[in-house]
Novice: 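Just passing along the structure, written as C-alpha cells.
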Amino acid sequence: MIKAWRVLTEIGRGAWITARHFFVNMTFHTLRLVGVKTKRRGAVTIQYPEVRKELSPRHRSLHRIRPRADGRPSCVACMLCVAVCPSECIIVEAAEDPDPEIQKRPAKFVVDLNRCCFCGLCVEACPVDAIRMDTGEIRLAATDRSGLEISLDKP
Amino acid sequence: MLADALIILVKVVLTLTWTLLLALFLTWVERKESAVMQDRIGANRASVFGLRLFGLFQPFADAIKMLFKEDFAPTFAQRALHWLAPALSFFFVGVTMIAVPFGDPIRLFGRTIPLQVVDLNAAVLFVLAMLSLGIYGILVGGWASSNRFALIGSLRGAAQLVSYEVALGLSLVGLVMVFPSLSLARIVEFQGGLLFGVLPKWGVFLQPLGFAVFFIAGMAGTKRVPFDMPEGESEIIGFYTEYGGLKFGLFMFTDFLEVIVLSALATTMFFGGWQVPWLGDAGFVFPWGGRAAMAPWAVTVLRVLSFNLKVLFFCWLQILTRWTYPRFRYDQVMDLGWKVLVPLGVVNVLATGLILAAR
C-alpha cells in the first residue's frame, strides 16, 4: 500500500515536471508570438542556418593566410607548418620571391581538410604569423574529396 | 430512403475525414508537444511558398515522402499477408469511430439526424471487439514478415493486448452498471444529469477507479511508449521491422488513430461525451440559480465543440504520458495488467454492485 502510494506520487511528480515545462514554455512562445519581448525564451534552440551561435575567439575553424599590405600572402614558405603538422595535411611548394627581403613565397599552399585534425599546431609554429584558423567558417563540406583540398595562397 | 443513405454517407465521410485529419495533425502535435516539453522548438521547416505556419505542413511532407517510397516486401515474406497486416490494423481501429456520438441529434428539414454514424445498441461491445481485432494486424504483420524478431515482437504485442483487453472490459462493466445501456448515445445522454445537484453526472465522478483502469488499459492498447512492448522502436526489434514506406506509415498512423479512439471513448464514456456541464437543450441552467438561454444551433455548436476539446485534451494527455515515462519491462507490463488492473477492475465492479444494491 505504502509502495503503491510512493509509486503514484512519483508518477505524478514526473507528469508535473513535464507538464510544467510544457506550460511555461508555451507561455513564453505565446508571448513572443503576440509580440511581447521577454528575456527568457520558450526554447533553447538556435535556428542554425539563419541564426549562428557566436564562436569562441579561440575556436579553430578554416585556415587562412594573412595577406601583406599589398595583398600577397605573408607566408615565407619556411615549411615549419609542414614539419609540425601531425596529420601531414599541409602541402607547400616554395618559389623565389622578387623581393630580396622576403626571399621565398609559396607557389602552392594546400591544406587537405580530409586529413586536417584542426589541432592548430601550424598556427603556433608559424614564425611570421601567416597562417591562422580564425575565419569562423565551420561549414566544411564538399561533394568529393578534391573539394576539401583548399588552396590558401590564392585569395 | 435515398436521403437516409445520403445522410449516412455524409456522416461516414465526415467522421473519417475528422479522424484521419486529426490523426495526421497529431503527428505534428506529438513532435511539437514533445519539443516544447523538452525546451526545444520541433519541426518547423516544412513550408509551402515560404509559408511555414509553425511546421503545420510537416504531416503532408511526411505523407508525400512515404507515398513515393519503394513498396518493398522482403523475398522471404508472405506477400499477401504482408500486404494485409497494415490494412487490418488500420481498418479495425478506424471503424471504431462510427460508434462515437459527436453531438446531440440535430433537426434539419424535419428530420432528426443523430451526429453519430450508427447508434449501435451494443456499441460498447462493438468498440471492445474492434479494439481486440486490431491484434490481428500485429500478429499477421509479425508472422508474414518471416522474421524471427518481428514474430517475437508480434507475440509480445499479442500477449500485452490480450492481457489488457481483460482489464479494459472489466473497467467498463461498472460503467454499464451505472448507466444501464450498452449504447454510447444512451450513455452520453445519461451523463447529462446532475450529481448531488452540482456536479455533472459524468462517468468519471461515478466511476473514478473504472476510469483509471480504463485509461491505463486503453493506453496499453495503443502500444505507445510506456507500453510499447510490440515495437520498442528505440531498442528492441518489433513487429514491423520488415515494413517500409507507406505500409510502415500505416502502422504508425494506426497508433495515432488509437490515441484518438481512446480519447474519444474516454470522453464519451467517462467525461460526458458532447455534454457541456449545466447546458440543457434550451441553454445553461446553473445550480447556483443563474440561467442563460441560448439558440438551439448555439447549443449544438457548443456541444460538438465540447466533445472536440475533450478529445484534444486526452490526446494531449496521452502524448504527455508518452514523453514522460520510460518503457515498462515485459514482466512489469504483465504485472501491471494482471496483478494491478484486473484486481482493481474486479474491485470496482464489486464496489459498484454493492453501492447500487445498497441504494
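Convention: sequence-line order gives letters A, B, ...; per-chain numbering from 1.
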Novice: Can you check whether chain A and chain B share any donor-acceptor pairs under 3.5 Å, and give the atom names and distances if they do?
Specialist:
from     : atom 1 : to      : atom 2 : distance (Å)
B:Val36  : O      : A:Asn25 : ND2    : 2.6
B:Asp39  : O      : A:Val44 : N      : 3.0
B:Asp39  : OD1    : A:His21 : ND1    : 3.1
B:Asp39  : OD1    : A:Asn25 : ND2    : 2.6
B:Ile41  : N      : A:Thr45 : OG1    : 3.3
B:Asn44  : ND2    : A:Gln47 : OE1    : 3.3
B:Arg45  : NH1    : A:Glu50 : OE1    : 3.4
B:Arg45  : NH1    : A:Glu50 : OE2    : 3.0
B:Arg45  : NH2    : A:Gln47 : OE1    : 2.8
B:Arg45  : NH2    : A:Glu50 : OE1    : 3.2
B:Thr324 : OG1    : A:Thr18 : OG1    : 2.8
B:Tyr325 : OH     : A:Ile11 : O      : 2.6

Novice: Under a 4.5 Å heavy-atom cut-off, does chain B meet the side chain of A:Phe23, its backbone, both or neither?
Specialist: side chain
Novice: Counting only non-hydrogen atoms closer than 4.5 Å, does A:Ile17 touch chain B with its backbone (N, CA, C, O), its side chain (CB onward), both, or neither?
Specialist: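 When you check distances to chain B, no heavy atom of A:Ile17 falls under 4.5 Å.
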Novice: Ring pair (Phe, Tyr, Trp, His ring centres under 6.0 Å) with B:Trp18: which residues, sequence neighbours excluded?
Specialist: B:Phe102
Novice: Counting heavy-atom pairs under 4.5 Å to chain B, which of A:Gly42, A:Ala19, A:Gly14, A:Ala15 comes out on top?
Specialist: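 That would be A:Ala15.
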Novice: Tell me the ring pair (Phe, Tyr, Trp, His ring centres under 6.0 Å) pairs involving residues 36-59 of chain B, sequence neighbours left out?
Specialist: none
Novice: Sub-4.5 Å heavy-atom contacts with chain A: which residues of residues 207-223 of chain B show up?
Specialist: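 So no residue qualifies.
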